Amino acid sequence: MGFLVTWLVSALAIAVTAYLLPGVKLSGFLAAIITAGVLGLINAIIKPLLFLLTLPINILTLGLFTLVINAVLIMLTSAIVPGFSVSGFWQALLFSLVLVLVNYLLG
């Protein structure tokens with residue numbers, strides 16, 4: 001039951017973040033739910049591998065390269081989910097930062 005609540009809160013955070021940012025389009029709450037699921041799977045499977053592969057540059061940038069990884073993963077999610085689109089890299093980077101803030105406020 002807790003997993004479902006977390007998924008719905010994440011979907012709500014994605015919907016709020018897409019509403020706040022001009023370069024992010026979301027077709028509806030169902031697209032937000034699907035986006036939350038796909039982003040969760042990508043963060044669970046691909047992000048650790050990317051983090052491990054980019055560990056040297058991540059150490060050199062004191063962890064700031066993780067923001068770039070997050071933006072790339074959001075752009076990947078945008079390419080996979082039909083009702084969710086991000087206009088570019090900088091919008092994806094801003095989306096990831098605002099999403100963390102909205103998730104924190106909702107959680």
Side-chain angles (χ1 to χ4, degrees):
M1 188 66 167
F3 169 74
L4 246 129
V5 171
T6 304
W7 193 0
L8 288 175
V9 169
S10 294
L12 182 62
I14 288 170
V16 167
T17 306
Y19 176 76
L20 291 174
L21 297 177
V24 180
K25 304 282 187 257
L26 192 63
S27 65
F29 194 69
L30 180 61
I33 291 173
I34 294 169
T35 301
V38 170
L39 191 59
L41 285 174
I42 286 174
N43 280 335
I45 298 169
I46 298 174
K47 187 175 182 177
L49 294 173
L50 280 178
F51 189 78
L52 188 62
L53 289 173
T54 61
L55 192 59
I57 194 167
N58 226 334
I59 291 171
L60 285 175
T61 62
L62 302 176
L64 289 177
F65 194 74
T66 305
L67 297 173
V68 173
I69 292 172
N70 287 341
V72 168
L73 294 179
I74 287 173
M75 291 177 68
L76 176 64
T77 304
S78 163
I80 293 172
V81 178
F84 174 67
S85 67
V86 179
S87 63
F89 174 78
W90 295 109
Q91 289 295 59
L93 183 67
L94 187 60
F95 180 83
S96 72
L97 293 172
V98 173
L99 184 62
V100 167
L101 180 65
V102 171
N103 254 332
Y104 175 74
L105 292 175
L106 288 177

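Worth saying up front: this structure is predicted, and the values here are computed from it rather than measured.
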Review point. Quick one: side chain to side chain contact (heavy atoms under 4.5 Å, CB included) partners of Ile59, sequence neighbours excluded?
Key: Leu55
Review point. How many angstroms lie between CG in Leu93 and CD1 in Ile69, if you round to the nearest 0.5 Å?
Key: 12.0 Å
Study note, to complete from the structure: Checking Leu60, Val68, Thr61 against Leu64 for side-chain contact (heavy atoms from CB on, under 4.5 Å), the one that qualifies is Thr61
Check your understanding: Other than Leu105, what residues sit in its cluster of Ile, Leu, Val, Met, Phe, Trp and Tyr side chains whose heavy atoms are under 4.5 Å apart, directly or through others?
Key -> Leu101, Tyr104
Practice item. Answer with yes or no whether the hydrophobic clustering places Val81 together with Leu41; edges join I, L, V, M, F, W, Y residues whose side-chain heavy atoms lie under 4.5 Å apart. Key: no
Review point. Is Val100 linked to Leu26 within one hydrophobic cluster, defined over Ile, Leu, Val, Met, Phe, Trp and Tyr using a side-chain heavy-atom separation of less than 4.5 Å?
Key: no
Check your understanding: Applying side-chain hydrogen bond (donor to acceptor under 3.5 Å, both in side chains), which residue pairs with at least one partner in residues 1-30 are found, sequence neighbours left out?
Key -> none
Review point. Is Leu12 reachable from Leu20 through a run of I, L, V, M, F, W or Y residues, each pair having side-chain heavy atoms under 4.5 Å apart?
Key: yes
Exercise for review: Rounded to the nearest 0.5 Å, what's the gap from CG on Leu94 to CD1 on Ile74? Could you check?
Suggested key: 10.0 Å
Check your understanding: When rounded to the nearest 0.5 angstrom, what is the spacing between CD1 in Ile14 and CG in Asn103?
Key -> 7.5 Å
Review point. Which pairs count as ring-ring contact (aromatic ring centres under 6.0 Å, His included) when at least one residue sits in residues 61-86, sequence neighbours excluded?
Key: Phe84-Phe95
Practice item. Please collect all side-chain hydrogen bond (donor to acceptor under 3.5 Å, both in side chains) contacts where either partner lies in residues 68-93, sequence neighbours excluded, each pair once. Key: Lys47-Asn70
Practice item. Identify the two heavy atoms, one from Ala32 and one from Ala11, that lie closest to each other, and give their separation to 0.1 Å. Key: CB-O, 3.5 Å
Check your understanding: So, for Ala92 and Met75, which heavy atoms are closest and what is the spacing to 0.1 Å?
Key -> CB-CG, 3.6 Å
Review point. For Thr66, which residues count as a side chain to side chain donor-acceptor pair (under 3.5 Å) partner, sequence neighbours excluded?
Key: Asn58
Exercise for review: Report whether Leu62 and Leu52 are members of the same hydrophobic cluster (ILVMFWY, side-chain heavy atoms less than 4.5 Å apart, transitive linking).
Suggested key: no
**Study point:** Path from Leu39 to Leu30 over hydrophobic side-chain contacts below 4.5 Å
**Key:** yes
